[in-house]
Each structure stands twice: as C-alpha cells, then as structure tokens.
Amino acid sequence: MPPKNPICLNIAICDDCSQDALLLASCINGHKFRIYSDTESLLKDVEKEKITYDLYLLDIYIDNSTNGIELAKRLRTLDPEAVICFISSSDAFYREAYDLYAVQYLIKPIQAEALEQLFGRVSQNLSRSKEQSLSFKWRGQTGSIPYHKILFISSREHALYIHCKDGTVQECRGKLSEIEKQVCGDVFLRCHQSFLVNMYQADRLSGNELMVSGYSVPISRRYYGDVKRRYQEILFEGVE
C-alpha cells in the first residue's frame, strides 16, 4: 500500500544527456529535483555544501564511461544512507549496481509507472522510519536512534549491540526479548535467537541468511517462514 501522506522527496538526477535528464524530470510529479550534467558538480554539492538527497538517479554512462558506478561509490562514502537508483541503456552493470546496494536499476527509456512505484516505495520507507525511534540506556544515560538508521540488533550474554548504517555500534544493557516487544512489527523482525533485523534494510534473502549492507545476519529455522514472508511483502510495497 502507498503511504497515506507521501513525503515530498528531494531527488538528484545525474545524466550528461540533457534530453534524457529532462525526459526523466518530466515524469517527476510532486517531488523536488535538481539536474546535474556531470559527476563533479553533484559530488561538490554533497561534499562541500553538505547537500543530501532522499534519492539519487544516476546514469551509468556519464561522459561515455562507467562513471555512474564510481560516482555511487563516492556518494556512499559521503552519504552512507544514500538511496541510489541507476539509469542505463544497458543491463551490463547490474552486478556492480547490486554490490552497491542500489534500490533499483531502470533501463531506458524509463516508464513513468516504474518511477512512480520507485518514488512511492522510497517515500513510504522514509515516512515510516522518520516517525519511529528506538530508546536505549547505557551507563546511566538515555538516548534514541531513528529506526531508519538501524541495520540490526544483536545480543551477546547480557549486552545488546545496535548496528547502525553509519558503521557505529551502540552498546546497551538489556534483553533482546524486551527490545523485541518494543520494536517488532512492520519494521523489525526477530530472525534468530540473537538477532533482530530492520527488514527495510535487508538487501537480499540468501538461503538461511539476510544480507544487510554487507553484513550476513543468520535466520534460524524457527523464524524463517515469517522472515521470508515479510521480505517478500516489502519487495512489493508501493506496487499496485
């Protein structure tokens, strides 16, 4: 289901073909966007001006090369939470895009319906995650972390470890079963005796593991059915 109150996305388009960029922009309704004709201009805005976007639409063949892939790698270092979609006239670089955890890979000419489905999914994920946060206590201090910044939560002995998208790990005291009662539902799911995973951060379901931003999170037999069902539901959210 699409979100009831979709977020207005801030979108960056990077394509050195002005005709393709303008055609893409003409399909964007209800969202803000900016067109970049070269990679350096976009990188300068992100790195120097500290401008970030909710979604990056990157052409792979920029300046007749594969700069789109290299651009995505640099964006990942500057903005770890970057949501990237590749635009290309060929599917030759699908594997590279997959390794960079691209949210989608669209082949030109782009269909407006495909873009609307993409925008709906990204908007829905942002809307959900920005409204919720996980509270924790550590060494007498309290804090909270927005759901959208959390990859998964692991437990070891009497400690919990909140693994975040920026690479940090917040330690806190408690039991995973207690955290499960607080967060499990549409976003987080128990997948193992020692793991809770943010299902919206899962990139791939592979056998008895979930791949989450480069991490391999185990799935036990007890939870496999629920995890698989929720993973498939999320894949088709926003698609009518």
Margin query: With a 4.5 Å cut-off on side-chain heavy atoms, are M199 and F152 touching?
Written below: no
| pair I219-L210: side-chain heavy atoms closer than 4.5 Å | yes
| said: For V46 and I51: C-alpha separation, side-chain torsions, deciding distance, then whether side-chain contact (heavy atoms from CB on, under 4.5 Å) applies. | reply: CA-CA 5 Å; V46 175; I51 298 173; 5.5 Å; no
Take E178 and K181, measure what salt bridge (charged side-chain N to carboxylate O under 4.0 Å, His left out) needs, and give me the verdict at the end. CA-CA 5 Å; E178 295 172 351; K181 293 176 183 178; over 6 Å; no
Do the side chains of F86 and L23 join up, straight or via other hydrophobic residues, at under 4.5 Å, putting them in one cluster? no
Taken to the nearest 0.5 Å, the spacing of E180 CD from F188 CZ works out to 12.0 Å
What one should report as the nearest heavy-atom pair of H192 and L176 is O-CD2, 4.5 Å
Value for CD1 (I179) from SG (C172), rounded to nearest 0.5 Å, stands at 5.5 Å
So if you build clusters from Ile, Leu, Val, Met, Phe, Trp, Tyr with side-chain heavy-atom gaps below 4.5 Å, do M211 and V197 land together? no
Tightest non-hydrogen contact, residues D203 and Y231, listed as O-OH, 3.5 Å
If you look only at distance, which donor and acceptor atoms sit under 3.5 Å apart when one is on a side chain in residues 159-170 and the other is two or more places apart or in another chain?
from	atom 1	to	atom 2	distance (Å)
Y161	OH	R156	NH2	3.2
H163	NE2	S154	OG	2.9
D166	OD1	T168	N	3.0
D166	OD1	T168	OG1	2.7

Quiz item: Do other residues, nucleotides or ligands put more than 12 heavy atoms under 6.0 Å from Q19 CD?
Solution: no
Query - Exceeds 12 heavy-atom contacts within 6.0 angstrom, atom CD of E171 - result: yes
*Using the side-chain contact (heavy atoms from CB on, under 4.5 Å) rule, take L71 and L43 through it: C-alpha gap first, then chi angles, then the decisive distance, then the call.*
CA-CA 8 Å; L71 171 60; L43 288 170; 3.6 Å; yes
Taken to the nearest 0.5 Å, the spacing of L78 CG from E47 CD works out to 5.0 Å
- Is it the case that more than 12 heavy atoms not belonging to R74 sit under 6.0 Å from its CZ atom? no
Exercise. Sub-3.5 Å donor-acceptor pair from the side chain of Q201 to the main-chain atoms of S213, do we have one?
Worked result: no
Full working for ring-ring contact (aromatic ring centres under 6.0 Å, His included) between F119 and H31
CA-CA 9 Å; F119 298 156; H31 303 287; 5.3 Å; yes
When you check the gap from the basic side-chain N to the acidic O, do D15 and K108 get nearer than 4.0 Å?
-> yes
G120 backbone acceptor or donor facing S123 side chain under 3.5 Å:
no
Between Y36 and D45, is any pair of side-chain heavy atoms under 4.5 Å apart?
yes
What one should report as the nearest heavy-atom pair of N198 and Y147 is ND2-O, 3.0 Å
How far apart are the C-alpha atoms of Y56 and L75, what are their side-chain angles, what is the distance that settles it, and do they pass the side-chain contact (heavy atoms from CB on, under 4.5 Å) test? CA-CA 9 Å; Y56 297 84; L75 283 172; 3.8 Å; yes
Rounded to the nearest 0.5 angstrom, the CD1-CZ distance for I234 and R230 is 4.0 Å
Give a yes or no answer on whether the side chain of R76 reaches the backbone of A82 with a donor-acceptor pair at less than 3.5 Å. yes
(Q) In the structure I gave you, are the side-chain heavy atoms of K175 and S155 within less than 4.5 Å of one another anywhere? (A) no
Please tell me whether R229 and Y224 have a donor and an acceptor in their side chains that are separated by less than 3.5 angstrom. no
Closest non-hydrogen atoms of Y61 and S88, given as atom of the first, atom of the second and distance, are CE1-OG, 3.5 Å
* To do: Kindly indicate whether the side chain of L55, heavy atoms from C-beta on, has any atom under 4.5 Å from the side chain of I84.
  => no
Rounded to the nearest 0.5 angstrom, the CG-SG distance for L57 and C14 is 10.0 Å
Taking side chain as C-beta onward, heavy atoms only, is Q104 less than 4.5 Å from R121?
yes
List the steps and the verdict of side-chain contact (heavy atoms from CB on, under 4.5 Å) for K44 and E40.
CA-CA 6 Å; K44 179 182 177 182; E40 292 306 315; over 6 Å; no
Main chain of L9, side chain of D54: is a donor-acceptor contact present, judged purely on distance under 3.5 Å? no
Inset, instruction - Report yes if some heavy atom in the side chain of I28 is under 4.5 Å from a heavy atom in the side chain of I11; otherwise report no. - result: yes
Nearest heavy-atom contact between C27 and A112 is SG-CB, 4.1 Å
Residues L118 and C85: closest non-hydrogen pair is CD2-SG, 3.8 Å
Please tell me if the side chains of T52 and N10 come closer than 4.5 Å, counting only heavy atoms from C-beta onward.
no
So CG of L42 and OG of S37: to nearest 0.5 Å the spacing works out to 10.5 Å
